[in-house]
Amino acid sequence: MSARTSAAAYDHLWMHFTRMGDYADTPVPVIVRGEGAYIHDDRGRRYIDGLSGLFVVNAGHGRRELAETAARQAAELAYFPVWGYAHPRAVELAERLAHLAPGDLDKVFFTTGGGEAVETAWKLAKQYHRLTGNPGKYKVVSRAVAYHGTPHGALSITGLPELKAPFEPLVPGAFRVPNTNIYRAPVHGDDPEAFGRWAADRIEEQILFEGPDTVAAVFLEPVQNAGGCFPPPPGYFARVREICDRHGVLLVSDEVICAFGRLGTTFGCERYGYVPDMITCAKGMTSGYSPIGACIVSDRVAEPFHRGGEAFLHGYTFGGHPVSAAVALANLDLLDREGLNQRVRDHEADFHATLDRLRDLPIVGDVRGSGYFHGIELVKDKATKETFTPEETERVLYGFLSRELFANGLYCRADDRGDPVIQLAPPLIAGQRLFDEIEAILRDVLTRAWAKL
């Protein structure tokens, strides 16, 4: 069964973001079961799920109550659209999210995933400005190296040129500013507050350069994913909020990863004390037990769409799916009942300190992150912060590290979107024992990787 499934995967399953040629002579890994913070393959091997699937399985694997909720809902009402109609679970979930979101973010537009939520936010920002007498405001600002999804609009907002190149030309009007990686700060690297103000001011500089009457929105993650978990410097988001308000630009908090406990709060913007105009979210809303996403919108932005005959001409067949909405409600109940947000806040310092022990290795340049969302940046020279050459990235990061970490029992992400990093985002149920297991595997494999540079 194992060999046949792996062969069929290569022959018929087009895996996402995958070099399919890598599996021409190598079996495709087949994961068959999850339990807590671990996953199991079809050969009976167990691995630490160091990435919560894909920053998704916040409550951990094997939660029978979530599976049973899905079955009950499917038996009652398996599907109905929210195109001019409502069903109880979509209404209940929208109300729940509105109460959880900060400020006046009271309107919820459902999607089936995070990229669709980002796509929704950009289209909504454009139409909002048209309805409020500013039809020229269509451009967006986002950060270098940031990932915001794969639909054409979301991909345009993404700040990774190599990811966009095969699909250009994309949607016009998306512009980039520096990110908040203080480890590689071009200025103020020894002063986080000054660096935060400098980075925020680059957003205003871009708005002014393009013309405030042309810029619709700024898209920012609370903690930037791509590049290896960049937390915001002190004062950064307060300054960004001021800039957006001054120029009539909407602030979109892209929380597809950062929401639902990943940073120890329901929404990442709470963690950093700002209220955006929209929140995009997905992944952890159901802990991956059923697909769903959402764009949560402020009353101010929603108001023009509730006048007379106006409509937001946008939607998805499976947005607000009854089964997914029911699972999301049960998952939010579970997160509350087990206090998983508080658990992350209680243990994030231990997680960081455990990973920080790896700084004694010559290959580890930086350890950074927030909550249960951390990155380890790899270097050739700690003193100069010299990074890998393209050949070394290919040979060491992809040719050795990715496979060797998995072979030694740790599923995580070795990535070079930006500089070489290892990303870790375990389920929120993780504690010190799992942290120590992760550190031990990383220490062994990184030590051997250094010998290959």
Side-chain angles (χ1 to χ4, degrees), residues 15-22 54-55 113-119 121-123 125 138-187 198-200 202-203 205-207 209-210 214-221 223-230 232 240 252 254 256-257 280 365-366 368 375 377-380 385-399 401-402 413-423:
M15 292 174 285
H16 299 196
F17 281 94
T18 298
R19 301 176 181 180
M20 295 299 293
D22 287 354
L54 195 62
F55 314 102
E116 291 178 355
V118 171
E119 194 86 358
W122 192 3
K123 290 178 73 174
Y138 70 93
K139 298 175 184 175
V140 292
V141 176
S142 61
R143 294 185 292 207
V145 192
Y147 175 83
H148 292 283
T150 56
H152 259 64
L155 186 58
S156 302
I157 299 170
T158 290
L160 295 157
E162 67 280 5
L163 219 61
K164 300 190 288 188
F167 312 108
E168 291 174 329
L170 294 171
V171 181
F175 300 89
R176 245 65 53 196
V177 294
N179 58 49
T180 59
N181 182 5
I182 195 168
Y183 180 67
R184 297 201 175 272
V187 294
W198 175 87
R202 302 289 71 73
I203 294 174
E205 182 179 80
Q206 189 66 50
I207 291 171
F209 182 80
E210 293 300 323
T214 72
V215 180
V218 172
F219 282 73
L220 303 173
E221 298 162 276
V223 174
Q224 183 173 316
N225 168 36
C229 304
F230 305 146
V240 171
V252 182
D254 184 356
V256 172
I257 289 175
T280 55
D366 193 29
R368 55 183 177 252
E377 184 165 334
L378 308 180
V379 294
K380 280 171 63 176
K385 302 182 183 179
E386 182 183 359
T387 191
F388 296 1
T389 65
E391 184 275 330
E392 289 163 340
T393 297
E394 188 64 35
R395 177 168 50 83
V396 178
L397 194 71
Y398 292 113
L401 268 173
S402 290
R413 170 183 274 174
D415 192 14
D416 72 331
R417 294 179 299 176
D419 295 299
V421 296
I422 293 173
Q423 285 185 287

Could you check if a side-chain atom of [X] sits within less than 4.5 angstrom of a side-chain atom of [Y], using non-hydrogen atoms only?
X	Y	result
Phe55	Arg413	yes
Thr150	Phe17	yes
Val421	Leu378	no
His148	Glu221	yes
Asp419	Tyr183	no

What is the distance from atom [atom1] of [X] to atom [atom2] of [Y], rounded to the nearest 0.5 Å?
X	Y	atom1	atom2	result
Ile207	Phe175	CD1	CZ	12.0 Å
Ile422	Leu397	CD1	CG	7.0 Å
His152	Phe167	NE2	CZ	8.0 Å
Asn179	Arg202	CG	CZ	13.5 Å
Met15	Asp22	CE	CG	9.0 Å

Does a donor on one side chain sit under 3.5 Å from an acceptor on the other, for Asn181 and Gln224? no
Exercise for the section: Just do the side chain to side chain contact (heavy atoms under 4.5 Å, CB included) check on Val218 and Val177 with the steps written out, would you? Expected result: CA-CA 10 Å; Val218 172; Val177 294; over 6 Å; no
Practice problem: State whether Lys385 and Glu377 are salt-bridged, where the test is any N-O pair (Lys NZ or Arg NE/NH1/NH2 against Asp/Glu carboxylate O) under 4.0 Å. | Solution: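 Glu377 and Lys385: not salt-bridged.
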Practice prompt. Could you go through the side chain to side chain contact (heavy atoms under 4.5 Å, CB included) check for Val215 and Val140 one step at a time?
Written response: CA-CA 6 Å; Val215 180; Val140 292; over 6 Å; no
Measure across [X] and [Y] and return the closest heavy-atom pair with its distance rounded to 0.1 Å.
X	Y	result
Thr180	Ala199	CG2-CB, 4.4 Å
Pro232	Val223	CD-CG2, 4.3 Å
Tyr138	Pro172	CE1-O, 4.2 Å
Thr280	Ala117	CG2-O, 3.4 Å
Arg417	Val145	O-CG1, 3.3 Å
Val252	Ala217	CG2-CB, 4.2 Å

Item to check | Member of Lys380, Arg184, Glu392 meeting the side chain to side chain contact (heavy atoms under 4.5 Å, CB included) criterion with Thr387 | outcome: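 It is Arg184; the other options fail the test.
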Note to self: Apply side chain to side chain contact (heavy atoms under 4.5 Å, CB included) to residues Val171 and Trp122 and explain how you reach the verdict.
What the structure shows: CA-CA 11 Å; Val171 181; Trp122 192 3; 3.5 Å; yes
Is there a donor-acceptor contact under 3.5 Å from the side chain of [X] to the main chain of [Y]?
X	Y	result
Gln423	Asn225	yes
Glu210	Thr214	no
Ser156	Leu170	no
Thr393	Glu391	no
Arg368	Gly228	yes

| query | Looking at Tyr398, does the NZ or CZ of Arg19 lie under 6.0 angstrom from its six-membered ring centre and within 45 degrees of the ring axis? | reply |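 Yes, cation above the ring, under 6.0 Å and within 45°.
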Residues passing the side chain to side chain donor-acceptor pair (under 3.5 Å) test with Glu116, sequence neighbours excluded, are Thr112
